[in-house]
Amino acid sequence: MAKLFRAAIMGPPGSGKGTISKRIAQSFGLQYLSSGRYLRESIAANTEEGVLVKTYVERGMLVPDHVMTRLMLPKLEQLCGHSWLLDGFPRTLAQAVALNSLYQLDLVISLNIPYATLRERLSDRWIHPASGRVYNMGFNPPRVQGKDDITGEPLIQHDDDKPEALMARLRHYKDVAKPVIDLYKSQGILHSFSGTETDRIWPYINSLLTNKMHNQPSDTRQSQTP
Ligand SMILES: Nc1nc2c(ncn2[C@@H]2O[C@H](COP(=O)(O)OP(=O)(O)O)[C@@H](O)[C@H]2O)c(=O)[nH]1
Ligand SMILES: Nc1ncnc2c1ncn2[C@@H]1O[C@H](COP(=O)(O)OP(=O)(O)O)[C@@H](O)[C@H]1O
């Protein structure tokens, strides 16, 4: 049986995590888990948890760690026996420690994208809320303006991509990500990529993953479940 592979992608809002994750999932068959997507689903379900989550997300603030781990760790449990890629989780050191106590990651991708690029991209980001499909009016526009390619339904902008929330999110990201990045660096699994264009970064990530997934050590570490 092929070895299981567990990876995470980190980077500020707008750095291309979702775009790159989609390519990774398609090319390498990893299951893709996006914290933002699960949070938005929780908000849409209007549960007690969703109402609480909304108060943070709409202000561009991080959702508390215990809420995030309670949301994400059971999803990973359901995926035992699959290779996966986490996007947006862990975001804080406490989340990374909680994850680490259950699973050893094989690889963490960190995206370093200049601030001006992030701002420009997010002000142009539109999504189809039901599916999570993401568009950018310059980079990957929908075929019909303002409409989802598959369903034809209207596209919307996240409240947290609007300028007021955006600044707070970017500032927060930097402070909080540093110890997480340091942790993965110390574990020797961090790989950082810099640039302003996803299409130029992608070939490097593609070859890194090709390399890592085909040359995994033959111990059983990755295939153990908690
Ligand atoms: N102009 C441009 N836009 C991009 C590029 N890569 C991604 N995007 C767009 O930038 C926005 C943010 O990307 P996304 O993958 O959602 O980033 P995330 O917030 O890190 O998950 C989306 O609208 C993407 O379509 C790129 O290389 N150039
Ligand atoms: N791991 C996390 N911990 C705390 N809050 C989170 C986490 N992931 C997502 N969020 C919340 O959800 C919002 C949207 O997240 P996401 O869709 O990943 O967007 P982006 O990558 O554009 O920041 C964040 O601004 C934050 O409020």
Side-chain angles (χ1 to χ4, degrees), residues 8-25 32-44 49-50 52-73 75-76 85-99 109-114 116-129 131-142 149 155-162 164-177 180 193-203 205:
I9 186 162
M10 300 183 61
S15 57
K17 298 183 297 294
T19 305
I20 288 171
S21 297
K22 211 168 105 191
R23 295 185 189 185
I24 293 176
Y32 168 55
L33 296 99
S34 148
S35 62
R37 173 102 194 257
Y38 291 131
L39 290 170
R40 282 188 280 277
E41 278 175 11
S42 158
I43 294 172
E49 181 194 68
L52 173 74
V53 160
K54 186 166 189 242
T55 62
Y56 292 92
V57 171
E58 70 188 1
R59 285 181 291 160
M61 290 173 63
L62 291 181
V63 174
D65 290 328
H66 67 278
V67 178
M68 286 314 300
T69 50
R70 206 169 54 213
L71 182 75
M72 297 302 290
L73 296 179
K75 309 265 184 215
L76 293 177
L85 170 68
L86 282 169
D87 167 5
F89 180 88
R91 204 108 149 190
T92 67
L93 187 58
Q95 292 174 18
V97 169
L99 176 66
I109 293 166
S110 168
L111 302 173
N112 298 320
I113 312 297
T117 307
L118 300 176
R119 213 180 39 188
E120 197 181 305
R121 284 185 190 176
L122 290 182
S123 61
D124 248 4
R125 175 161 75 173
W126 290 80
I127 63 146
H128 175 241
S131 66
R133 275 185 286 279
V134 176
Y135 298 89
N136 179 285
M137 291 314 161
F139 179 63
N140 60 331
D149 284 352
L155 302 177
I156 60 149
Q157 261 201 313
H158 289 155
D159 282 346
D160 59 0
D161 280 349
K162 293 178 182 159
E164 321 79 69
L166 184 60
M167 272 306 288
R169 288 164 76 206
L170 291 177
R171 208 174 310 120
H172 238 83
Y173 176 81
K174 265 215 159 108
D175 296 343
V176 169
V180 183
F193 299 87
S194 305
T196 55
E197 286 170 52
T198 296
D199 287 346
R200 296 186 74 149
I201 292 175
W202 170 243
I205 294 181

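Quick caveat: nothing in here was measured; it's all calculated off a predicted structure. In listed order, ligands and their atoms are each counted from 1.
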>> Ignoring hydrogens, what is the shortest heavy-atom contact between Leu170 and Pro12? Give both atom names and the distance.
In response: CD2-CB, 4.0 Å
> Where the side chain of Lys54 meets the backbone of Ala44, is there a donor-acceptor pair that is under 3.5 Å apart?
Replying inline: no
> Is Asp65 reaching over with its side chain to a backbone N or O of Leu93, donor-acceptor style, under 3.5 angstrom?
Replying inline: no
> To which of Val67, Val53, Leu39, Val63 does the heavy atom nearest atom 5 (N) of ligand 2 belong?
Replying inline: Val63
>> Checking the side chain of Arg133 only, and the main-chain atoms of His128 only, is there a donor and an acceptor separated by less than 3.5 Å?
In response: no
>> Side chain, backbone, both or neither: which applies to Lys54 and ligand 2 if a contact is any heavy-atom pair less than 4.0 Å apart?
In response: neither
>> Using a 4.0 Å cutoff against the non-hydrogen atoms of Arg125, which atoms of ligand 2 qualify?
In response: 22 (O)
>> Taking 4.0 Å as the limit for heavy-atom contacts, which would you say applies to Lys17 with ligand 2: side chain only, backbone only, both, or neither?
In response: side chain
> Checking side-chain contact (heavy atoms from CB on, under 4.5 Å) for the pair Leu39/Tyr56: CA distance, chi angles, key distance, verdict?
Replying inline: CA-CA 10 Å; Leu39 290 170; Tyr56 292 92; over 6 Å; no
> In Å, rounded to the nearest 0.5 Å, how long is the span from OG1 of Thr92 to CG of Asp175?
Replying inline: 12.5 Å
>> With a heavy-atom distance limit of 4.0 Å, tell me whether Arg40 approaches ligand 2 through its side chain, its backbone, both, or neither.
In response: side chain
> Which atom names give the shortest non-hydrogen contact between Leu111 and Gly16, and what distance separates them?
Replying inline: CD1-C, 3.9 Å
>> Below 3.5 Å, N or O to N or O, backbone or side chain included: is there any such pair between Arg37 and ligand 2?
In response: no
>> Under 3.5 Å between any N/O of Gly88 and any N/O of ligand 2: does that happen in this structure?
In response: yes
> In a check of side-chain contact (heavy atoms from CB on, under 4.5 Å) between Ile113 and each of Thr196, Ile201, Thr198, which one passes?
Replying inline: Ile201
>> For Arg119, is the CZ atom crowded, meaning more than 12 foreign heavy atoms sit under 6.0 Å from it?
In response: no
> Where does Val57 meet ligand 2, judged by heavy-atom distances below 4.0 Å: at the side chain, the backbone, both, or neither?
Replying inline: both
> Is Arg121 near ligand 2, meaning one of its heavy atoms is under 4.0 Å from it?
Replying inline: no
>> How long is the straight-line distance from CZ of Phe139 back to CG of Asp124, given to the nearest 0.5 Å?
In response: 12.0 Å
>> Any side-chain to backbone donor/acceptor pair from Lys17 onto Asp87? Under 3.5 Å, distance only.
In response: no
> Short list, please: which atoms of ligand 2 are under 4.0 Å from a heavy atom of Met61?
Replying inline: 26 (C), 27 (O)
> What pair of heavy atoms forms the shortest contact from Phe89 to Gln95, and how long is it?
Replying inline: CD1-OE1, 3.3 Å
>> Donor-acceptor pair, distance only, cut-off 3.5 Å: does the side chain of Ser42 make one with the backbone of Tyr38?
In response: no
> If you count the atoms of ligand 2 from 1 in the order shown, which ones are under 4.0 Å from a heavy atom of Gln95?
Replying inline: 1 (N), 2 (C), 3 (N), 4 (C)
>> Which protein residues come within less than 4.0 angstrom of ligand 1, counting heavy atoms only?
In response: Pro12, Pro13, Gly14, Ser15, Gly16, Lys17, Gly18, Thr19, Arg121, Arg125, Val134, Tyr135, Asn136, Phe139, Asn140, Glu197, Thr198
> Numbering the atoms of ligand 2 from 1, which are under 4.0 Å from a heavy atom of Pro13?
Replying inline: 20 (P), 21 (O), 22 (O), 23 (O)
> Would you say Tyr56 and ligand 2 have an N/O pair spaced under 3.5 Å apart?
Replying inline: no
>> Under 4.0 Å from a heavy atom of Ser35: which atoms of ligand 2 are those, numbered in the order shown and with their elements?
In response: 7 (C), 8 (N), 9 (C)
